[in-house]
Engineer: 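Pasting a structure below so you can have a look.
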Amino acid sequence: MPELPEVETVRKGLQELIIGKKIKSVSSDWPKSFPNDQSQVNLYIINSSIIDVRRRAKLLIIDLSSGYSLVTHLKMTGQLVFRSNKQNFGAGHPSNSLVGKLPDKSTRVIISFSDSSKLFFNDQRKFGWMKLTEKKDILKHFTSIYGPEPLDSSFTTTAFKNRLLTRPRSVIKAVLLDQRVIAGVGNIYSDESLWAARIHPLTPTYQLTDQKIKLLHKSLIDVLQLAIKEGGSSDRNYVNAKGQKGSYIKIAKVFRREGQSCPRCNHEIKKMRVIGRGTHYCPYCQRLKIGKIES
DNA sequence: CACTTGACCTGTCCGC
DNA sequence: TGCGGACAGGTCAAGT
């Protein structure tokens, strides 16, 4: 589920809520959600404090004072929700909350802090995970495969073009979703940025002109920044660290809007399958010109 | 090389 | 109301 803007929103929330807290205990009843054993927990988690909360691609990295980190991937339905010691009982949750009293049936890991507050890792589909890893091993084990962060200042149009050229014969939608090419883009924001740049999702990368690449580069960054500003997209499960939904889906141009009118040209938005993913686009203003160069 | 399928899981929605 | 199948924002590995 969560893509870069959602993970970044969770990161910001956790930054504000859990930095400096000391961990008292960790429990999990689903080993795939938290594969580390109790001896590692005792040695490297218990009595250590949260010193930073970082993001790389769609990974959330919680650094501990022990020199280890809790590396988390939320996959499709993961949530990291913080609750203070008083918040968890009775009514009073915000109106845009998707989660009630915790733990609930989707809770896979509970991290308890010394002040009795708790961090809940919920994951309905159990695809996500939280792995204790020595901080110096994170690059080797997880992040070395990822392409550049699209919101870094070093991610210029030229850098983007060079990354796209690593997969010249693939269709652009597949390339945007490839985490080795660019980190953090998923199904929602690939559709949204392709619409903004008026590029058909099935366009082979080599057919994109420099003009189109420049426009897609800008569109991608604009879409991601807007989505962060909106607190991400909550189509189903996604909530931030306070349990609140994001609002981007309300202003999405094509995602999950098949059958509606394109806000730019008024033609009907269509949905199709591209590399096995539901793909939303406007057939009129994102035309595929077979055998010709897009301009 | 690049795409497809199936796997990992649970829940929801849609048609019969 | 029940039931089967398709589908859901992510990534793997294996097969074509």
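A note on names: the letters A, B, ... follow the listed sequences, proteins ahead of strands, and every chain is numbered from 1. Only a predicted model underlies this, so the values are computations on that prediction, with no experimental measurement involved.
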Engineer: Scan A/Leu194, A/Leu288, A/Val171 and name whichever one has a side chain to side chain contact (heavy atoms under 4.5 Å, CB included) with A/Pro201.
Structural biologist: A/Leu194

Engineer: Send over the distance from A/Asn237 CG to C/dC7 C1', rounded to a whole Å.
Structural biologist: 14 Å

Engineer: Name the closest nucleotide to the A/Phe255 side chain, picking from C/dG9, B/dC9, B/dC3.
Structural biologist: C/dG9

Engineer: Could you encode protein contacts along nucleotides 11-16 of chain C as a string, one character per nucleotide from 5' to 3', using B for base contact, S for sugar-phosphate-only contact and - for no contact, with a heavy-atom cut-off of under 4.0 Å?
Structural biologist: S-----

Engineer: So, using ring pair (Phe, Tyr, Trp, His ring centres under 6.0 Å) as the criterion, who are the partners of A/Phe155 when residues are at least two apart?
Structural biologist: A/Phe160, A/His217

Engineer: A/Leu202 has an atom CG; how far is it from atom C1' of B/dC3, in whole Å?
Structural biologist: 12 Å

Engineer: Please table the atom pairs, donor to acceptor, closer than 3.5 Å between any side-chain atom in residues 131-144 of chain A and protein atoms at least two apart or in another chain.
Structural biologist:
unit_1: A/Thr133; atom_1: OG1; unit_2: A/Lys131; atom_2: O; d: 3.3
unit_1: A/Ser144; atom_1: OG; unit_2: A/Leu139; atom_2: O; d: 3.3

Engineer: Over how many whole Å does the gap from A/Asp29 atom CG to B/dC9 atom P extend?
Structural biologist: 14 Å

Engineer: A/Phe34: which residues meet the ring pair (Phe, Tyr, Trp, His ring centres under 6.0 Å) condition with it, sequence neighbours left out?
Structural biologist: none

Engineer: Is the phosphate of B/dA2 approached by A/Lys173 (side-chain N or O, under 4.0 Å from OP1 or OP2)?
Structural biologist: no

Engineer: With a cut-off of 3.5 Å and sequence neighbours excluded, list every side-chain donor-acceptor pair involving residues 219-232 of chain A.
Structural biologist:
unit_1: A/Ser219; atom_1: OG; unit_2: A/Leu215; atom_2: O; d: 2.7
unit_1: A/Asp222; atom_1: OD2; unit_2: A/Lys218; atom_2: NZ; d: 2.6
unit_1: A/Glu230; atom_1: OE1; unit_2: A/Ser247; atom_2: OG; d: 2.5

Engineer: B/dT10, OP1 or OP2 - any side-chain N/O from A/Lys126 closer than 4.0 Å?
Structural biologist: yes

Engineer: B/dC3, OP1 or OP2 - any side-chain N/O from A/Arg167 closer than 4.0 Å?
Structural biologist: yes

Engineer: Using the ring pair (Phe, Tyr, Trp, His ring centres under 6.0 Å) rule, take A/Tyr248 and A/Tyr189 through it: C-alpha gap first, then chi angles, then the decisive distance, then the call.
Structural biologist: CA-CA 10 Å; A/Tyr248 181 87; A/Tyr189 304 111; 5.4 Å; yes

Engineer: Can you tell which of B/dC3, C/dA8, B/dC9 lies closest to the side chain of A/Arg256?
Structural biologist: C/dA8

Engineer: How far does the P atom of C/dT11 sit from the matching atom of B/dG11, given to the nearest Å?
Structural biologist: 22 Å

Engineer: Going by the side chain to side chain contact (heavy atoms under 4.5 Å, CB included) test, name the single residue among A/Leu64, A/Ile111, A/Asn36 that passes it with A/Ile45.
Structural biologist: A/Leu64

Engineer: Quick check for you: among B/dC3, B/dC9, C/dG9, whose closest atom lies nearest to any side-chain atom of A/Ala174?
Structural biologist: B/dC3

Engineer: Please report, rounded to the nearest Å, how far the P atom of B/dC1 is from the CZ atom of A/Arg180.
Structural biologist: 10 Å

Engineer: Does A/Phe127 lie flat on the base of B/dC9, that is, centres under 5.5 Å apart and planes under 30° off?
Structural biologist: no

Engineer: I need the full list of side chain to side chain donor-acceptor pair (under 3.5 Å) pairs touching residues 57-71 of chain A, with sequence neighbours left out, sorted by first then second residue.
Structural biologist: A/Arg54-A/Asp63, A/Asp63-A/Ser69

Engineer: Taking atom C1' in both C/dC3 and B/dC8, compute the distance separating them and give it to the nearest angstrom.
Structural biologist: 24 Å

Engineer: Using the P atom as the reference point in each nucleotide, state the distance between C/dC7 and B/dT4 in Å, no decimals.
Structural biologist: 14 Å

Engineer: Sequence neighbours left out, cut at 3.5 Å: what donor-acceptor pairs do the side chains of residues 271-281 of chain A make with other protein atoms?
Structural biologist:
unit_1: A/Arg273; atom_1: NH1; unit_2: A/Gly276; atom_2: O; d: 2.5
unit_1: A/Thr279; atom_1: OG1; unit_2: A/Lys173; atom_2: NZ; d: 3.1
unit_1: A/Thr279; atom_1: OG1; unit_2: A/Arg277; atom_2: O; d: 3.0
unit_1: A/His280; atom_1: ND1; unit_2: A/Asp191; atom_2: OD2; d: 2.8
unit_1: A/His280; atom_1: NE2; unit_2: A/Arg256; atom_2: N; d: 3.3

Engineer: Rounding to an integer number of angstrom, what distance separates C/dG9 and B/dC14 when you compare their P atoms?
Structural biologist: 16 Å

Engineer: For A/Asp235, which contact category applies under a 4.0 Å heavy-atom criterion: base, sugar-phosphate, or nothing?
Structural biologist: base

Engineer: Report the residues that fulfil salt bridge (Lys or Arg N to Asp or Glu O under 4.0 Å) with A/Arg167, sequence neighbours left out, ordered by chain and then residue number.
Structural biologist: A/Asp178

Engineer: Test of understanding: with ring pair (Phe, Tyr, Trp, His ring centres under 6.0 Å), list the residues that count as partners of A/Phe121, not counting sequence neighbours.
Structural biologist: none

Engineer: For A/Tyr238 and C/dG9, say yes or no: do the ring centres fall under 5.5 Å of each other while the ring planes differ by less than 30°?
Structural biologist: no

Engineer: Whole Å only: how far is the CZ atom of A/Phe121 from the C1' atom of B/dC9?
Structural biologist: 13 Å

Engineer: When you measure from the side-chain N and O atoms of A/Arg273 to the phosphate of C/dA8, is any distance below 4.0 Å, counting only OP1 and OP2?
Structural biologist: yes

Engineer: Got a list of side-chain donor-acceptor pairs under 3.5 Å for residues 10-32 of chain A, not counting sequence neighbours?
Structural biologist:
unit_1: A/Arg11; atom_1: NE; unit_2: A/Glu8; atom_2: OE1; d: 3.3
unit_1: A/Arg11; atom_1: NE; unit_2: A/Glu8; atom_2: OE2; d: 3.2
unit_1: A/Arg11; atom_1: NH1; unit_2: A/Gln15; atom_2: OE1; d: 2.9
unit_1: A/Arg11; atom_1: NH1; unit_2: A/Val53; atom_2: O; d: 3.3
unit_1: A/Arg11; atom_1: NH2; unit_2: A/Glu8; atom_2: OE2; d: 3.0
unit_1: A/Glu16; atom_1: OE2; unit_2: A/Lys242; atom_2: NZ; d: 3.0
unit_1: A/Lys21; atom_1: NZ; unit_2: A/Asp115; atom_2: OD2; d: 2.6
unit_1: A/Ser28; atom_1: OG; unit_2: A/Trp30; atom_2: N; d: 3.3
unit_1: A/Ser28; atom_1: OG; unit_2: A/Trp30; atom_2: O; d: 3.4
unit_1: A/Ser28; atom_1: OG; unit_2: A/Arg108; atom_2: O; d: 2.8

Engineer: Please give the distance between the C1' atoms of B/dT5 and C/dA6 as a whole number of Å.
Structural biologist: 16 Å

Engineer: Nearest whole Å is fine: how far is C/dA6 C1' from A/Arg125 CZ?
Structural biologist: 12 Å

Engineer: So what stems show up for DNA chain C if we need 3 or more Watson-Crick or G-U pairs in a row, all under 3.5 Å?
Structural biologist: B:2-8 with C:10-16, B:10-16 with C:2-8

Engineer: Check the interface with nucleotides 11-15 of chain B: list each N/O to N/O pair with the protein under 3.5 Å, or write none.
Structural biologist:
unit_1: B/dG11; atom_1: OP1; unit_2: A/Lys105; atom_2: NZ; d: 3.3
unit_1: B/dG11; atom_1: O4'; unit_2: A/Gln124; atom_2: OE1; d: 3.3

Engineer: Would you find more than 12 non-hydrogen atoms of other residues, nucleotides or ligands less than 6.0 Å from A/Tyr146 atom OH?
Structural biologist: yes

Engineer: Rounded off to whole Å, could you give me the CD1-to-C1' distance for the A/Ile275 and B/dT5 pair?
Structural biologist: 13 Å

Engineer: Looking at C/dG9, I'd like to know if its phosphate oxygens (OP1 or OP2) sit under 4.0 Å from a side-chain N or O belonging to A/Thr77.
Structural biologist: no

Engineer: Calculate the interatomic distance between A/Leu74 atom CG and C/dG9 atom P; express it in whole Å.
Structural biologist: 16 Å

